[in-house]
Each structure stands twice: as structure tokens, then as C-alpha cells.
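See below for the structure under consideration.
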Amino acid sequence: MKKKINAVQFGLGPIGQLCAKTILQKHSERINLVGAVDIDPSKVGKELGELLGIDKTGIEVESDIKNILKKKKVDLVFHTTTSFMSDVRKQLIDLIKLKLNIVSSTEELFFPRYRNREIAEEIDSLAKKFKVRVLGTGVNPGFVMDVLPSVLTQVCTSVKRIRVERVVNASKRRLPLQLKIGAGLKVSEFKEKKATGRFGHIGLVESLQFLAYVLNIQLDEIKEELDPIVTYKNLRTDYLTIQKGRVAGIHHRAIGFKDGNEVIELDLKMFIGDHRDYDAVYIDGEPPIKMKILNGVFGDTATVGSLINCGYLIFNAKPGLLTMADIGLPHGFFSQK
């Protein structure tokens, strides 16, 4: 697709705001941001530029996307609201029925047919009916622990095992993420939140399932482990003070088994501290591959990059509920800004 895309930013939390700001400042030659939507009364009615801390944009934040559609043609929605399919189901369905293509940061949407098969099939059927595309993407899931290792296997004549390790210093990240990994909680509070099934990093099993799908492995068993990382000294971020003996973050693992053997292991450590970020992929194959990204892939910026770039690339695919395997070779674009 070579024409300029008219887009709406749907959800103006930290990621949504960064996405809108990045489009306006770096991608205006390809994407025309024509509207922004949020349900927060403190944001509705505001000039988007004021909210983003930039010059006036001529865009007023709306509470309902239909108000934008009355005035503007819209090709695509950048959807950045929450992590869970059950929470975004109605939002996605409403957008699909308005014949809008969607790129979303909802983690469970990245590979939804494992945990949310019924909702996924509903969305896929509607998207095909209304001839639009729906894609979940980001950095994790969306790149580091799924798309990147799958691309690295391209040169392997055989693959026996994949291990991906991601270490994130969450002290550099936004407050919602620090809270999502339990920073500052007592260990007992961590365990209570873990029991809800809606806590910690969301999307790790979806990444594992994507890798298995791409590599054509029918897994016999999946194990998921979520444990607290406890600090043994007092810590401070721009947002939180964490006492010694409390939770600094998470150690989250997902392991896929085939014929009793571990064939895919995803290991994520995300915690407050003074450690350095890195991302590493280890492929036991022919040839063997070991790759390490020093200082890691910074999540917030990379999530926005993935959303924006994939927003252009989804038009390569047929309508329906897509995965990153459906849009062709993922890539960025040169920009003069």
C-alpha cells in the first residue's frame, strides 16, 4: 500500500500518547493522524497537542470515534487500551463493524487462538465479513521473543531447540509497567495477585505459541512459571520507593515440550535494579545461532515502532484476524524527520 493512511489513535495512555506523538513528528509523510479517542473525561475535549506537550495539532480528543467518522475518512485505528481479549472484545467488534482496520497493542491479541479461541474466531469472522484486518503486535509480544527468533531460524537446515532470554531494567520504564510487575508489593500480595491470572507480563505464552506455529511444532505440553524477584536493598524509581525485602519485579518463564523434551523456552526477567538490559536468542540447530542485543530493545519506543510500521504493512494481507506471520517481512521505513 503506497497511499497515505488516515489513522485514529484509540486510547491515550502512555503508549497511546507516545504513538500519536511519534506519528505526528516522524511519520506524517505516510500517516495522516485525523483523530484521537479516549474515555477519560479529563482528556476528552482537549487539544491533542496540549495533551502530548507539542504544538497544536487541530485534533480534539473525542470520547466516541463515530464523531470523527462524521468528518473524516479513516483507514486505520491504532488501538492501545488494555492487555486482555475479554476486555477489548467489544471495542474491537465495534471498530470492525465501522469497517476500520486495526493494529493493537493488546498482548493477548498477538496470538489469540490459544487462550481466547472463541473470541478470536468471532473477530476473524467479522473482520472477513466487513473486509478489514486486525493485528496484535508490539515488542514483547510482537518482536523480541517471537518474531525475531523465528526470523533467525531462516538460515537453519534443522532446529532442535530455541531459548530466548530477555532481561529488562524496569526502573527506566513507565509507572503502569512497574505496577504491572508488582514493584513494591509484599511477597504475600504478589501471590494474591498472581492467583487472579491477570497479573505480571501478559503475552509470554502467546509468544511461545506463535513460535510453535511458525516452526510447525505441535506442542504436547506448556508450562508457565511466574515468580517474584525480591530486592535485598532499598530501591527508588521516579515513581516508587521499594523497601528491602519487597518485590522488585518478576521472573516469568514459558516452556513448550515435544515428546518429553523442552523445545522452546522463553525466559523473562523484568525488575527494578541497577542491572543492564539485554535480549538473547539461542538456537540449537544447524548451524547453531547465538545472538545478543546489548542494552536490549527499549520496550515503549519499540512497541510504538512496531505498531506504526505494522499499521502500514497490514494492508499487504487479506482481511481477517492476522498474526505477524501474515503481513510479509516486518520492517521499518526511512524517515526524513
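All heavy atoms count here, side chains included; hydrogens, waters and symmetry mates do not.
With sequence neighbours excluded, the residues satisfying salt bridge (Lys or Arg N to Asp or Glu O under 4.0 Å) with Lys71 are Glu62.
Judged by distance alone, the side chains of Ser171 and Thr237 never bring a donor and an acceptor atom under 3.5 Å apart. Looking only at atom types and distance, the side chain of Asn6 has no donor-acceptor partner in the side chain of Asp75 under 3.5 Å away. Ser83 and Glu108 share no side-chain donor-acceptor pair at under 3.5 Å.
Listed by first and then second residue, the salt bridge (Lys or Arg N to Asp or Glu O under 4.0 Å) pairs involving residues 83-105 are Asp87-Arg198, Arg89-Glu122, Lys90-Asp94 (not counting sequence neighbours).
Across Ala120 and Met85, no two heavy atoms sit closer than the pair N-CE, 4.3 Å. A pairwise comparison of heavy atoms in Met145 and Leu211 identifies O-CD1, 3.6 Å as the closest pair.
Under the 3.5 Å distance criterion, the side-chain polar atoms of Asn169 are left unmatched by any main-chain donor or acceptor of Arg276. Panel note: side chain Lys193, backbone Leu185; no donor-acceptor pair is recorded below 3.5 Å. The main-chain N or O of Val297 is found under 3.5 Å from a side-chain atom of Asp279 such that the two form a donor-acceptor pair. A distance-only check finds no donor-acceptor pair linking the side chain of Asn309 to the backbone of Ser306 [under 3.5 Å]. Side-chain atoms of Asn32 do not come within 3.5 Å of backbone N or O of Ile5 as any donor-acceptor pair. Proximity of a side-chain donor or acceptor of Lys43 to a complementary backbone N or O of Leu12 within less than 3.5 Å is detected. Between the His79 side chain and the Gln9 main chain, no donor and acceptor come within less than 3.5 Å of each other. Panel note: side chain Thr22, backbone Leu18; a donor-acceptor pair is recorded below 3.5 Å. Not a single donor-acceptor pair under 3.5 Å links the side chain of Asn261 to the backbone N or O of Val263. Remark: the backbone N or O of Phe298 is not paired with any side-chain donor or acceptor of Thr301 at under 3.5 angstrom.
A salt bridge links Arg163 with Glu165; the closest basic N to acidic carboxylate O contact falls under 4.0 Å. With respect to the salt-bridge test (charged N to carboxylate O, under 4.0 angstrom), the residues Asp227 and Lys269 do not qualify. Residues Arg173 and Asp300 are paired through a salt bridge, judged by an N-O separation under 4.0 Å between the basic side chain and the carboxylate. Note on Asp277 versus Arg166: no salt bridge recorded, every NZ/NE/NH1/NH2 to OD/OE distance being 4.0 Å or above. In this structure, Arg161 pairs ionically with Glu265, as a charged nitrogen and a carboxylate oxygen lie closer than 4.0 Å.
Taking CG of Asn67 as the start and OG of Ser63 as the end, the distance is 6.0 Å to the nearest 0.5 Å.
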### Query
How far apart are the C-alpha atoms of Glu192 and Lys194, what are their side-chain angles, what is the distance that settles it, and do they pass the salt bridge (charged side-chain N to carboxylate O under 4.0 Å, His left out) test?
CA-CA 5 Å; Glu192 289 172 3; Lys194 175 183 173 180; over 6 Å; no

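Because its NZ or CZ atom is both nearer than 6.0 Å to the ring centre of Tyr312 and within 45° of the ring axis, Arg30 counts as a cation-pi partner of that residue.
Counting only heavy atoms from C-beta outward, the side chains of Tyr278 and Val167 approach each other to under 4.5 Å.
Ring-plane geometry between His252 and His201 is classed as perpendicular, the angle between the planes exceeding 60 degrees on a 0 to 90 degree scale with a lower cut at 30. Below 30°, between 30° and 60°, or above 60°: for Phe111 and Phe210 the angle between ring planes is above 60°, a perpendicular geometry.
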Would you give me the side-chain donor-acceptor pairs under 3.5 Å for residues 240-251, sequence neighbours excluded?
from   : atom 1 : to     : atom 2 : distance (Å)
Thr241 : OG1    : Arg236 : NH1    : 3.1
Arg246 : NH1    : Gly184 : O      : 3.2
His251 : NE2    : Asp267 : OD1    : 3.1
His251 : NE2    : Asp267 : OD2    : 3.1

